[in-house]
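Have a look at the structure that comes next, please.
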Amino acid sequence: MKIVPFLNNPFKMTEKESEKATVKSDSEEPIQAEVLPISNVQFGETKRALKSRHVQLIALGGCIGTGLFVGSGQALSQSGPASLFLSYVIMSFVIWSVMNVLGEMNTYLPIAGASPPLYVARWVDKSLAFAAGWNYWYAYVFLVASEITAAAIIIEYWTESVPVAAWIAIVLFVLMLLNSFLVKWYGETEFWFAIVKVITIIGLVILSIVIFFGGTPNHDRLGFRYWKNGLAFREYLVKGSSGRFCGFWSAVIKSGFSFILSPELITIASGETEAPRRNIPKATSRFIYRLAFFYILGTLSIGVIVSSQDHRLLSAVSKGSSNAAASPFVIGIENAGIHVLNHIINAVILTSSISSGNSFLFAGSRSLYSLAVEGQAPKIFKRCNRWGVPYVSVLFTIAIASLAFLNSSSSSAMVFTWFTNLSTISGFLAWICILITYLRFRKAMVKENLLNLMPFRTSLQPYATYITLFLVSLITITNGFSVFVGHSFTAANFIAAYVTLPIFLALYLGHKLWTKNWKWFKRIDELDVTSGLAEAEEVESRYILGKPRNFIEKVWMWIA
């Protein structure tokens, strides 16, 4: 749909009236929207080299990582299979909602250098955008560091003769190469990594069904055996119903790490994507089906093939294992009498860590690049090489991510746990900013009578956004509840749970003091929903969708 902006409308319409608006006829003269400057000759600019299939798999691959393969084991042992399953159902709804609002805003304005903080600055407040932008960057930095460390530990499953620091250095170097040259390299690696993860998850779900019905060498029909005798909802910290609720809520909080900052990957990649108004809606609208299959069915499979009281699961969790030894899939499969898959699953977990590290490095470097474009970071970070890669941002991000070397010393384990926690809560704060931004954006679109002219709209809005905003805010506030329950308070755990909040607040208030920006929000009538539309339409006009010549091409074009 072609978007023709309406400005200076003399009539104020309700949201329902706005939805009934029609596209302005071509006979009327359209308003010429401003093209936003995003770079210049001195620094170079990014290039649109990511194809539809890249975007599709980036959306999928970003959400499948060690959180599902390994991290789910800790939640299972602590909270029980029913709590694990329900927590992923709830978090899948949260991610679906965040993905939808980002998809709507990003499809409407898929300009080069696009990022969530750019939309926050336009439709909420520049100080909030400043805090959100740097919050995104350091969250991605710590996620890169944690994934690199996880990859090094996974390799140790096969051999401990090489120091962890050596593997960390190798993975760092590989990620730097993948992100420093052609953007297409990043897209291709993510495409194939994601395919490996998808095939593996599909295979594991099918195998879990077989185990469920007893089609294994042991011929032991499990059914829902591990959900009985009070094990479905396990007690955590305290006894009774309060303990079961604590277990459930702990699983909800922990499930967030599996998804954290994944929806943003599409938005950040959109500035380097071909035909973004065609490809972003496709990736967004199909996201819910992938969530339902890979995460909801995946966690249900875990809960039926392995007991939350399994001694190997408990031992792996207590030791902090991050490889196949801690994967509930591997433990359940071995319990069924199948002993050849542990190395295969470990290899997939390794590719998942490298893939996630690759995605987070891409997103972190583009977040820094976007900050520089908006004048909120030094100009040097805008510099791009001849392939359109902001290489200075990539190198600086990978340099800070070298904090991964801290984990080569066991004495730094607590510090690194803090880094992981910081990135998780930073992700929750980022989602709160995105949801608030969408509500402001929607109000501005209603006021300008443009709501029905948006090229992509999702269901249940704005109600899903309000519900999600409440849920994410509640999770953020209560993420450290275990510190206050069961007489387990320690200063270190309290700081680890809540240190991100004052950091974000300091960035926000510091920017307001520095810029003397005393407004909390921009007024609705000040919000700009037209600048950049000319650029978006000009970019889309470059890519013409060809017609399929046969059935195979028709299927491929639907998939890609």
Side-chain angles (χ1 to χ4, degrees), residues 1 3 12-22 59 63 85-109 116 119-120 122-125 128 132 248-249 252-253 255-256 259-264 266-267 280-293 295-296 427-479 520-525 527 529:
M1 178 187 296
I3 296 179
K12 215 172 185 180
M13 300 177 71
T14 65
E15 182 168 329
K16 288 186 178 180
E17 290 171 331
S18 175
E19 290 180 353
K20 296 177 181 177
T22 57
C63 263
F85 174 71
L86 289 177
S87 69
Y88 274 79
V89 170
I90 291 171
M91 196 55 62
S92 292
F93 169 77
V94 170
I95 300 303
W96 173 73
S97 183
V98 173
M99 188 78 168
N100 281 349
V101 301
L102 277 172
E104 284 194 27
M105 294 187 292
N106 198 203
T107 303
Y108 179 74
L109 202 64
Y119 299 133
V120 175
R122 289 191 65 166
W123 298 319
V124 184
D125 175 61
L128 186 64
F248 162 72
W249 196 246
V252 171
I253 294 170
S255 68
F259 300 93
I260 210 69
L261 297 183
S262 296
E264 288 87 342
I266 297 300
T267 298
I280 294 169
K282 188 186 295 185
T284 302
S285 59
R286 295 177 182 178
F287 197 66
I288 184 61
Y289 306 111
R290 293 158 179 168
L291 281 176
F293 184 86
Y295 268 104
I296 297 177
F428 291 145
L429 289 173
W431 291 345
I432 291 172
C433 292
I434 288 170
L435 295 166
I436 292 172
T437 299
Y438 174 76
L439 293 173
R440 303 282 293 175
F441 163 73
R442 187 180 177 90
K443 287 182 179 179
M445 295 296 285
V446 170
K447 184 179 183 301
E448 295 292 346
N449 307 326
L450 294 172
L451 193 62
N452 200 47
L453 305 183
M454 291 172 60
F456 176 60
R457 290 177 61 187
T458 56
S459 58
L460 303 179
Q461 296 298 352
Y463 312 109
T465 300
Y466 283 114
I467 295 171
T468 307
L469 181 59
F470 171 76
L471 276 173
V472 176
S473 299
L474 185 63
I475 292 170
T476 303
I477 294 170
T478 61
N479 86 90
W520 295 109
F521 295 99
K522 293 180 179 179
R523 296 197 312 269
I524 295 296
D525 57 7
L527 303 186
V529 292

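Positions are given from 1, in the same order as the sequence printed here.
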Quiz item: CD1/Ile95 to CD1/Ile90 distance, rounded to the nearest 0.5 angstrom?
Solution: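 That separation rounds to 12.5 Å.
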Practice problem: Check Ser87 against Phe248 and note the closest heavy-atom contact, atom names and distance. | Solution: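 Minimum heavy-atom separation between Ser87 and Phe248: N-CE1, 4.4 Å.
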Quiz prompt | Spacing of Phe441 atom CZ and Leu109 atom CG [to the nearest 0.5 Å] | solution =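 Spacing of CZ (Phe441) from CG (Leu109) equals 8.0 Å.
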Self-check item: Parallel, tilted or perpendicular: rings of Tyr88 and Tyr295 (30°, 60°)
Solution: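 Ring orientation of Tyr295 relative to Tyr88: parallel.
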Self-check item: Side chain proximity check, Arg442 to Met454, heavy atoms < 4.5 angstrom
Solution: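 No. Closest side-chain heavy atoms not under 4.5 Å.
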Quiz item: Do Pro116 and Thr437 come close enough that some side-chain heavy atom pair is under 4.5 Å?
Solution: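 Not touching, per the 4.5 Å side-chain cut-off.
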Practice problem: To the nearest 0.5 Å, tell me how far Phe428 CZ sits from Leu471 CG. | Solution: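 So the gap between those two atoms works out to 11.0 Å.
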Quiz item: Do the non-hydrogen side-chain atoms of Tyr119 and Asn106 ever get within less than 4.5 Å of each other?
Solution: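 Yes, their side chains come closer than 4.5 Å.
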Practice problem: Identify which one of Ile475, Thr476, Leu469 satisfies the side chain to side chain contact (heavy atoms under 4.5 Å, CB included) criterion when paired with Val472. | Solution: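 Testing Val472 for a side chain to side chain contact (heavy atoms under 4.5 Å, CB included) against Ile475, Thr476, Leu469 leaves exactly one candidate, Thr476.
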Quiz item: Val89 versus Phe93: any side-chain heavy-atom pair under 4.5 Å?
Solution: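 Counting from C-beta outward, Val89 and Phe93 never come under 4.5 Å.
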Quiz item: Can you list every side-chain hydrogen bond (donor to acceptor under 3.5 Å, both in side chains) pair that touches residues 92-105, not counting sequence neighbours?
Solution: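 Pairs touching residues 92-105 that pass the test: Ser97-Thr468, Glu104-Tyr438, Glu104-Thr458.
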Quiz item: Is the shortest heavy-atom distance from the side chain of Leu527 to the side chain of Lys443 under 4.5 Å?
Solution: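 When only atoms from C-beta onward are counted, Lys443 and Leu527 do not touch, as no gap falls below 4.5 Å.
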Quiz item: Between Arg457 and Asn452, is any pair of side-chain heavy atoms under 4.5 Å apart?
Solution: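 Arg457 vs Asn452: side chains touch.
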Exercise. Working to the nearest 0.5 Å, report the span between OH of Tyr466 and CG of Leu439.
Key: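 The OH atom of Tyr466 sits 4.5 Å away from the CG atom of Leu439.
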Self-check item: Heavy-atom side-chain contact between Tyr108 and Val529 under 4.5 Å
Solution: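 Result yes, sub-4.5 Å side-chain heavy-atom pair found.
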Quiz item: Taking atom OG1 of Thr465 and atom CD1 of Ile434, what is their separation to the nearest 0.5 Å?
Solution: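 Output value for this atom pair is 11.0 Å.
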